[in-house]
Structures are given as structure tokens and as C-alpha cells.
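Working notes, structure below.
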Protein chains: 2
Amino acid sequence: MTNSTPRPRRRGARVTLREVAEAAGVSTATVSHVLNETSGARIGPDTRQRVRDAADALGYRPNAAAKNLVTGTTRFIGLVADAIATTPFAGQIIHGAQDAAWRQGYTLLVANTAGNTEAERDAIAMMLDHQVQGILYSTWYHRAVELPAALRETNTILVNCYAPGSDLPAVVPDEVQGGRTATQALLDAGHRRIAFVNTTTPSPAHDGRLRGYGEALRAAGITVDPALVFDARPEQEGGYDVLPRVLEQGVTAVFCHNDRVAMGLYDAVRERGLTVPEDLSVMGFDNQEIIAAHLRPPLSTVGLPHGELGAAGVRLLLGQQDVPPGGRLEVTCPQVLRASVRNLGAAG
Amino acid sequence: MTNSTPRPRRRGARVTLREVAEAAGVSTATVSHVLNETSGARIGPDTRQRVRDAADALGYRPNAAAKNLVTGTTRFIGLVADAIATTPFAGQIIHGAQDAAWRQGYTLLVANTAGNTEAERDAIAMMLDHQVQGILYSTWYHRAVELPAALRETNTILVNCYAPGSDLPAVVPDEVQGGRTATQALLDAGHRRIAFVNTTTPSPAHDGRLRGYGEALRAAGITVDPALVFDARPEQEGGYDVLPRVLEQGVTAVFCHNDRVAMGLYDAVRERGLTVPEDLSVMGFDNQEIIAAHLRPPLSTVGLPHGELGAAGVRLLLGQQDVPPGGRLEVTCPQVLRASVRNLGAAG
DNA sequence: CTGAAAGCGCTAACAA
DNA sequence: TTGTTAGCGCTTTCAG
């Protein structure tokens, strides 16, 4: 290990507060007070400056472990994620949480459990050992989870998931509103006969988006036609395969359960010599940038607010925001309009 | 004077080692020894068991801060990332690092700096305060970086980046080998006239992959034709736009700088009524699952070993693996064959 | 084989 | 306005 040590200390030891005190000719208590800007500490400006100078000169760095030990409290927040590598989703949650935590002087301890129960147990144990203020338990897609018992030992906020039969606060995307928003975008462009390609897998997204779809339609005075609701695997292949059936129904627009499905559907549209949005308008869901922003034409969609989920999670944890009655905070899914919806000229 | 009376647990405090000792009727030293399985500690099996039982019964959890304080060393590793939310890349690095760290009993402190110098400084300061064993400084795409000065104060490993003029160990993908591998896959399928759609932006990937392309061709006895090397923006649009020029050259195969370019190129191919791989074989680069695995046909590509980059980073940091002479560890980019390359029947 | 005791670096009463 | 003094919970010699 090449460890060059340009430290102004002897034998690699770090500068301690006590050394700063000696250098400044004051007591450790004084140093502690000025460096922490303890409220109600009466320290003369001259002393204050002397301490600051000494600390700077020596390159003093506080020892977090010592501070944690004596105060009995840390500024750690644990974040356990089930899969941070497969999509950018978990990354966005981490990012949002990180930012919000950072803003309050907190640091994130992150653990990836890959859905492994044992890893999960270990991760939580380690977080507990580090006296975290609490734990954000998150999943990369919105779903129900079974909670590790160890979570009972600290404050826990569920992020992008919920635990049936538990009263732990949960922050989740508002799937119903999302479905409504997507459908409404199509309605606003004048479409009346709108298909919904839902997923085959049961999930809050499946149910919520469907409900939102129905609500928007009904609010526009349109009766929901079950023949216009399809199920497809939530991937490109699902969208590709479902198109013929969608077309048979003579719709002018289709709301896809997610962007990947929309991408596959685009392919099928093109293969038939048709084009989006001239022949078929398309709304996606998820706003997966890498796909949505670069399809031809760029895909209009509804975003999943992962960053905000993480951020709201830490706010709830730190008590900066109140947990809504029912313990469930639903975050809005924003509309992201691009170019895949044709305006029919009629107002919704 | 030590108070001999059993001290009452204050304010919902956690069980301490001392309480375990009292419950087991032994000293704290003994408890420490058995719980840590200190080598060379002579503790009778009976005592040992008694301690274990007491710890279990009380639900004892060690206090990491106290341990850190007394040992003067922590099992933290810092990971600073420039962008964990835009692609799954950073997530993969974190994942790989996490796993490797975890395996050695280390915990990751992660910070997202969004390229913000101040955030970077703060993040490193906080990691230093927590006495991290070292820091992994990472970027989401392979590039040169300018190092924050504070990194000098601890062991640092560069992950997916390098610092010109610094001798810090760096772990990076082997772009040259990657380019060679991609080209070789095409050669192996019998292709001889192979285009390379490189990116317009200068980068190690730009230079390395180009070099690998040339090396593979030359090794196959083919002269590199500069007319077959194109520059395109490293996105779908770049691939879409470049296709006409590629086709003019009468190639049978094209190696794209990345999967996104390949995706755009697919679209252009389809628009001309041609198909992949019948009319044109395509190799991508990056192995972005969400795209590559679900294009029609699925894209053959070369993977970027982000997870391994992170893992190797911690191994280097912890001294489990030697830093190669030159300080640069180049990790192999694996071939990922799917269905976008047509076999011409001739051996390369 | 086991225990007593001395701190690790820092904060927080309380004194002065 | 500043200093003294206990520890926080744990590891670690060193005695017994």
C-alpha cells in the first residue's frame, strides 16, 4: 500500500481535540464549545479565534466515533435496498435519500441485500450496531414486503413498498394518480377510444394504474370498455406481442403499463408500416430516460418519483414531515410530455 | 471509585457489555474475549457458554462507536460517486464494492456528489471524520478526473477513472480488449468488412475501443480502412443518423460504440426495410440490459464490468489484491452474445 | 483461566 | 468567560 503521509503529526496519529487545546492554551471544553458552536457558550472572540487558528494549523479533524460514543447518538441513517444494480430506480432512491440526509448533516449507511434474508439480517444488525437514527427499508419496484423482525428495534420507514398488517410509515408512488394522469394526457389530446396495456403480474402498479385509467375515463364521461384493457408481460416483448390485439379494437391511443412495453409496441407499430403518433398515440409509464427520451419519437410518459420517495423517507424519519394518518404517504407521479401523443384537435 | 451497585438501565438505553458481564457473573474483559473470540483467550467452556447465554438473553448488541474509539480503527470504507442516479452503472459499482466490503466485515459509507466540488469536499471530510479505512473515488463513466486534495489524507483507490499525474491506484475497464473482443466476435462470424461507429466525444472509451478494433482487424490480416470508422453522438440519435453513411460503405457488420447507438441504428435499419442481422450484423458495447437484452433481435454486445470494478477497488484498498505495477488495474470486458450477428459461415 | 484497571477522544455538568 | 472532571462502552495489557 502506497501511503504517503503528509500529515503534520507524529507516527500517523491524528490530531486530537486535546492537542488543539494545548496549542491554543485553553481547555478541551473550550475547544469543544467553539468548534461545535455550542449555543449558550460564552467564549471571548479572541479565544474563539485562537482556537480556530490552532485547529486549522494542526489540521484537526473531529473523531466521529468519540463524539457518537459520548452523545449516545449518531447521525447515521441506514438504507437497505433489495437491488441497487438492475435499474436506475434504486439509485434514484439512494440519491434522494442521500441529499435529504446530507442536508441535515446525516450520512447514509447503505446495504444491498439482493433479496437475501440473511444478508438483510446482517445488514440491519450492522446498522443497529452503528446506532443509526433509523432505517429506510426500500425496494426497487413498488410492492408488498415481509419485514425482517430486527427492524422493530429502531425507527423504520418503508420506501417504495409497504408491509401488510404493519403500521410502519410507508412512502409510495401514487399509482392511481399516475394512471389517471397518463390517461388524462391522452384525453386532453382529444382521444376517446384509449387502450390500456396492463401487466400480467399482480402489483400495486397493476391495480393502481388500472384504477386511475378507469377514473380518468369515467370523469370524461367515457364508459370503460373491458375489451380495451390488455395484459402483457411488463417488458418490450409484451408490448410487441400485444399490438395486433390492440389494433383490432380500433383505438387511437394506448396507455402502456411501462416504458419498456411501449418500446416493444413501437417496434410492432413500425413493422406494420404504421407510425407513432400519426397512426397510434402512446403514453408510457416510469420515465426511464434511457428509453423514453430516445425512442423515435420520444415517448410521453409518467415519471416514477423515486428520488422524492427517498427524500420523503428521510424527512419522515427525522420528523421534519408528519406521517399522514393511515401511515401512508403517496407521492405524485409527474407527467412527462414528449412527442408520442398526437393532438386530435378536440378538447377533452 | 467504581460503583459496585448494579446500575439501573437509564432512559431506554441499550444493553451494554457490562450488563452482560454482571448477568453472567464475570468481568467485562471476559465478555469481550468470548464475544470477539479473541485468539489466545483462555476461557473455560462453561464460562464461555454462560456469557453467550447472558448476551442472548439480554439481546446484547455491541456499540460500534465504542469499539471504533478504543481500537482507533473502523470497518468503514467510503465510496464517493459522481452520479448514482442516471444509469445503473454507478449502482453496479456500489453493488460490487458493497459485496466485497461486506465479505470482509466492512460497511460502505456512500456519498453522491453530483459532480459538485463542495459536496465532494464535505463528503470526504465526513468520511475522514469517521476514520474510514480508505476511499473509493468513482465515476459513472470511464474518464480522467481531477482529485480533491482531501483524498491525500487517506488511502484512495480510483474506480472507473484515473487521475493524470497522480500515482493513486486505479481500476478501470480494459477498453482496448473490449474493442478487440467486439470486433473479434464479428470476425469469428466471418465478417471482413466491418464498420466502427465511434463516438464524437473524446474519452478513454473512444481511444481504447478504436485501438482494439484496429488490433483485431490487423491480427486477422485486414487493413484498417479509415472510411469505415465513423463518429456519432453516443446516443440513439447518433446511431440513427449515421446509418446511411455506414451503408454506403457496403459493410456486412458494424460495431457500435455503445448499445444506445446500436439501438438508434436498429431503428434506421428497420426504416429502410432492412433487418438485423440478415442485412447487417451489429455489435454493441456496455451491455445495458434494459436495451440490449430486449431489442429485436437481442443485441450482442460487450459488457462493462462495473461490479467487478467496485469489488476490485475494495480488494486493492484492503490489500487483498496487489496493485499492479503502474498502479493501473484493467478489468476485462466480457463478450455477451445474443442474436444480432449473422454467421457468414466462413471461419474468421 | 479470569479480573482490575487504564484509557480511546470527546461532551456536558458543574465549578471557579 | 473558561476550566475541571466525570464518564460514554469497549478493548487490552498485566496481575493474580
Side-chain angles (χ1 to χ4, degrees), chain A residues 9 11-51 54-55 58-75 128-131, chain B residues 1-4 6-51 54-55 58-75 128-131:
Chain A
R9 283 316 304 157
R11 28 180 250 194
R14 284 174 51 151
V15 180
T16 71
L17 181 146
R18 179 213 207 93
E19 292 172 309
V20 174
E22 280 164 6
V26 299
S27 76
T28 59
T30 303
V31 176
S32 177
H33 283 141
V34 352
L35 260 26
N36 293 316
E37 298 172 338
T38 312
S39 71
R42 267 159 266 284
I43 311 283
D46 44 335
T47 316
R48 203 174 281 277
Q49 196 51 51
R50 220 155 9 106
V51 170
L58 297 180
Y60 172 72
R61 298 231 59 100
N63 180 322
K67 184 179 299 199
N68 292 343
L69 179 57
V70 66
T71 59
T73 162
T74 68
R75 292 182 88 79
L128 258 18
D129 291 356
H130 282 292
Q131 326 258 81
Chain B
M1 171 130 307
T2 4
N3 44 0
S4 42
R7 29 181 44 219
R9 302 239 335 243
R10 302 152 314 153
R11 46 165 207 166
R14 289 170 42 154
V15 179
T16 70
L17 181 146
R18 178 210 205 99
E19 292 172 310
V20 175
E22 281 165 5
V26 299
S27 75
T28 60
T30 303
V31 176
S32 176
H33 283 141
V34 352
L35 260 25
N36 293 315
E37 297 173 337
T38 312
S39 71
R42 270 158 270 282
I43 311 283
D46 43 337
T47 315
R48 203 172 280 276
Q49 196 51 51
R50 219 154 11 103
V51 170
L58 297 180
Y60 172 72
R61 299 231 57 101
N63 179 322
K67 183 178 300 199
N68 293 342
L69 179 57
V70 66
T71 59
T73 164
T74 68
R75 291 180 92 77
L128 258 18
D129 291 356
H130 282 292
Q131 326 259 82

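Residue numbers start from 1 in every chain, and the chains themselves are labelled A, B, ... in the order their sequence lines are given, proteins ahead of strands. Hydrogens, waters and symmetry mates play no part in the numbers below; they use all other heavy atoms, side chains included.
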Between T47(A) and R61(B), just flag the one whose closest nucleotide in DNA chain D comes earlier from the 5' side.
-> T47(A)

Which whole-number value in Å describes the distance from [X] [atom1] to [N] [atom2]?
{"X": "N63(A)", "N": "dC10(C)", "atom1": "CG", "atom2": "C1'", "answer": "8 Å"}
{"X": "R42(B)", "N": "dA15(D)", "atom1": "CZ", "atom2": "P", "answer": "16 Å"}
{"X": "Q131(B)", "N": "dC8(C)", "atom1": "CD", "atom2": "P", "answer": "14 Å"}
{"X": "E22(B)", "N": "dA4(C)", "atom1": "CD", "atom2": "P", "answer": "12 Å"}
{"X": "R48(A)", "N": "dT2(D)", "atom1": "CZ", "atom2": "P", "answer": "9 Å"}
{"X": "L35(A)", "N": "dG9(C)", "atom1": "CG", "atom2": "P", "answer": "16 Å"}
{"X": "R18(B)", "N": "dA5(C)", "atom1": "CZ", "atom2": "P", "answer": "12 Å"}
{"X": "L69(B)", "N": "dC10(D)", "atom1": "CG", "atom2": "P", "answer": "12 Å"}

Difference in axis direction between the ends of the helix from dC1(C)-dG16(D) to dA16(C)-dT1(D), five pairs, 10° | 40°

Closest approach of T38(A) to S32(A) (non-hydrogen atoms, all atoms of both residues) = OG1-O, 4.1 Å

Shortest non-hydrogen separation from V15(A) to L58(A) and the atoms involved =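 Heavy-atom minimum between the residues: CG2-O, 3.2 Å.
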
With sequence neighbours excluded, tell me which residues meet salt bridge (Lys or Arg N to Asp or Glu O under 4.0 Å) with R50(A).
-> none

Salt bridge (Lys or Arg N to Asp or Glu O under 4.0 Å) partners for R48(B), two or more places apart =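 Per chain and number, R48(B) pairs via salt bridge (Lys or Arg N to Asp or Glu O under 4.0 Å) with no residue.
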
Which part of the nucleic acid does G72(B) contact within heavy-atom distance under 4.0 Å: base, sugar-phosphate only, or nothing?
->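 The residue G72(B) makes no contact with any strand.
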
Below 4.0 Å: OP1/OP2 of dG3(D) and any side-chain N or O of S27(A) |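 Affirmative; the distance criterion is met.
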
Which atom pairs link the protein and nucleotides 11-14 of chain D when you take only N or O atoms and keep those under 3.5 Å?
residue	atom	partner	partner atom	Å
dT11(D)	OP1	N36(B)	ND2	2.9
dT11(D)	OP2	S32(B)	OG	2.8
dT11(D)	OP2	N36(B)	ND2	3.4

Residues two or more places apart in sequence or in another chain: which of them pass side-chain hydrogen bond (donor to acceptor under 3.5 Å, both in side chains) with E22(A)?
-> none

Qualifying residues under side-chain hydrogen bond (donor to acceptor under 3.5 Å, both in side chains), relative to T71(B), sequence neighbours excluded |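 Testing T71(B) for side-chain hydrogen bond (donor to acceptor under 3.5 Å, both in side chains), a comparison that skips the adjacent residues, returns none.
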
Examine distances only and state if a side-chain atom of T74(B) and a backbone atom of N68(B) form a donor-acceptor pair shorter than 3.5 Å.
-> no

Under 3.5 Å, side chain of E19(B) to main-chain N/O of T16(B), donor-acceptor pair present?
-> yes

Sub-4.5 Å side-chain heavy-atom contact between T47(B) and V34(B) | no

